[in-house]
Amino acid sequence: MQGMKKRGGMNKELAGILKEMSYYSSLGLQVAISIVVGVGFGIFLDTVFETAPVFMFIFLGFGIAAAFRNLLLAINRSKKI
Amino acid sequence: MEHPFLFLVDFFNVNGTLYHFAHKYPHVIYTWLVMLLLVGSGFLAAKRPSLIPTKGQNFFEVVIGGLEDFLVETVGEAGRWFTPLAATIFIFIFVSNLIGMVPGFFPPTATLNTTGACALVVFFFTHYIGVKYHGVKYVKHFMGPVWWMAPLIMPIEIIGHMARVLSLSFRLFGNMMGHELVLGILFMLAGLYFAPLPIMALGVFVAFVQAFVFFLLSIIYFQGSLEHAH
């Protein structure tokens, strides 16, 4: 029991570092993919309704907004800790 | 690009159709191997559970207990019941990543199909948790703070959720595939002996980190749908 406690204590520090590192390293890819998903959905809507560049630009805006919203959530999260 | 020689695929050389299948979808064959390994070792370890654990039981208790502690520490006590799913995801992905270290073996996570399947499971379970805990009010997660901003926030949130699935699956797939490619190229260029060794050592690290990232991000997503709308 004592041994487990000690090991858990050492693990906690490492686990905290790993947690932060893996969370923040995932932010960049999230930004890129949000924009790609937005543009892709916009192009899909354009081919359905045949309104060439309209929806692409609208959803490009939505994609960029989603990307920045992710960053905002990360900022709030880092404030909380 | 594929491995120059896949060990298990040649086992299926007996029968024409099965060989074709094995050659075309090696990741399925190697997923079976991972399943066999995990189910077999789990069965052996938990065959006769005792109060004073034997070696196998002890090992699994440490692994699963550690994952459960980590999860409860991150999500809180309300998330303890996610442990079966989250720990399964971690162990499955970790073992699948590690199996690629063995020469002649193909990691199932180096194809978009396996990683996409895992990411979709996480995606659906996230919304299942949301609906289970909040009922119809789960829609509020997608509507933002004020009601008139809902048409603006809704597409943003939906795009964000789609991007989660893509980023989860592409990150794992890209890392494992890149590792396989680098290993293959080094094997071709630098010969079979010591040149690929540093990459293989790095591969063990990458295998752990990617499995952990997948596990942690899915936990964070579960937590996001568990708590109240902000």
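Within every chain, numbering begins at 1; the chains are lettered A, B, ... in the order of the sequence lines, protein sequences first and strands thereafter.
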Colleague: How far does OG of Ser22(A) sit from CD1 of Ile220(B), to the nearest 0.5 angstrom?
Modeller: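 If we round to the nearest 0.5 Å, Ser22(A):OG and Ile220(B):CD1 are 7.0 Å apart.
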Colleague: What class does the angle between the rings of Phe49(A) and Phe55(A) fall in, given that below 30° is parallel, 30 to 60° is tilted and above 60° is perpendicular?
Modeller: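 Ring orientation of Phe49(A) relative to Phe55(A): tilted.
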Colleague: Just jot down the salt bridge (charged side-chain N to carboxylate O under 4.0 Å, His left out) partners of Glu77(B), sequence neighbours excluded, or say none.
Modeller: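 Here the qualifying residues are Arg80(B).
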Colleague: Relative to the ring of Trp81(B), is the ring of Tyr133(B) parallel (under 30°), tilted (30 to 60°) or perpendicular (over 60°)?
Modeller: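 Because their plane-to-plane angle is under 30°, the rings of Tyr133(B) and Trp81(B) count as parallel.
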Colleague: Given a strict heavy-atom distance threshold of 4.5 Å, which part of Leu166(B) is in contact with chain A: side chain, backbone, both, or neither?
Modeller: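 Both backbone and side chain.
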Colleague: Check whether any side-chain heavy atom of Asp69(B) lies under 4.5 Å from a side-chain heavy atom of Glu73(B), and answer yes or no.
Modeller: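 Contact flag for Asp69(B)/Glu73(B) side chains = no.
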Colleague: Check for me whether the distance between the ring centres of His161(B) and Tyr221(B) falls short of 6.0 Å.
Modeller: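 Ring centroids of His161(B) and Tyr221(B) are no less than 6.0 Å from each other.
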Colleague: If I measure from the heavy atoms of chain A, does Ile159(B) come under 4.5 Å with its side chain, its backbone, both, or neither?
Modeller: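 The answer is both parts of Ile159(B).
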Colleague: Which of residues 36-45 of chain A have a heavy atom under 4.5 Å from any heavy atom of chain B?
Modeller: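 Hits under 4.5 Å: Val37(A), Gly38(A).
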Colleague: Would Tyr138(B) and His127(B) count as having a side-chain donor-acceptor pair, cut-off 3.5 Å?
Modeller: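 Yes, His127(B) and Tyr138(B) have a side-chain donor paired with an acceptor closer than 3.5 Å.
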Colleague: Let's test your reading of the structure: which of Ser25(A), Ser34(A), Ala32(A) forms the most heavy-atom pairs below 4.5 Å with chain B?
Modeller: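 Most pairs with chain B among the choices: Ser34(A).
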Colleague: Looking only at the aromatic ring of each residue, does the gap between the centers of Phe105(B) and Tyr30(B) stay below 6.0 angstrom?
Modeller: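 Ring centres of Phe105(B) and Tyr30(B) closer than 6.0 Å.
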Colleague: Considering only heavy atoms, which portion of Phe208(B) lies under 4.5 Å from any heavy atom of chain A: side chain, backbone, both, or neither?
Modeller: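 Phe208(B) touches chain A through side-chain heavy atoms alone.
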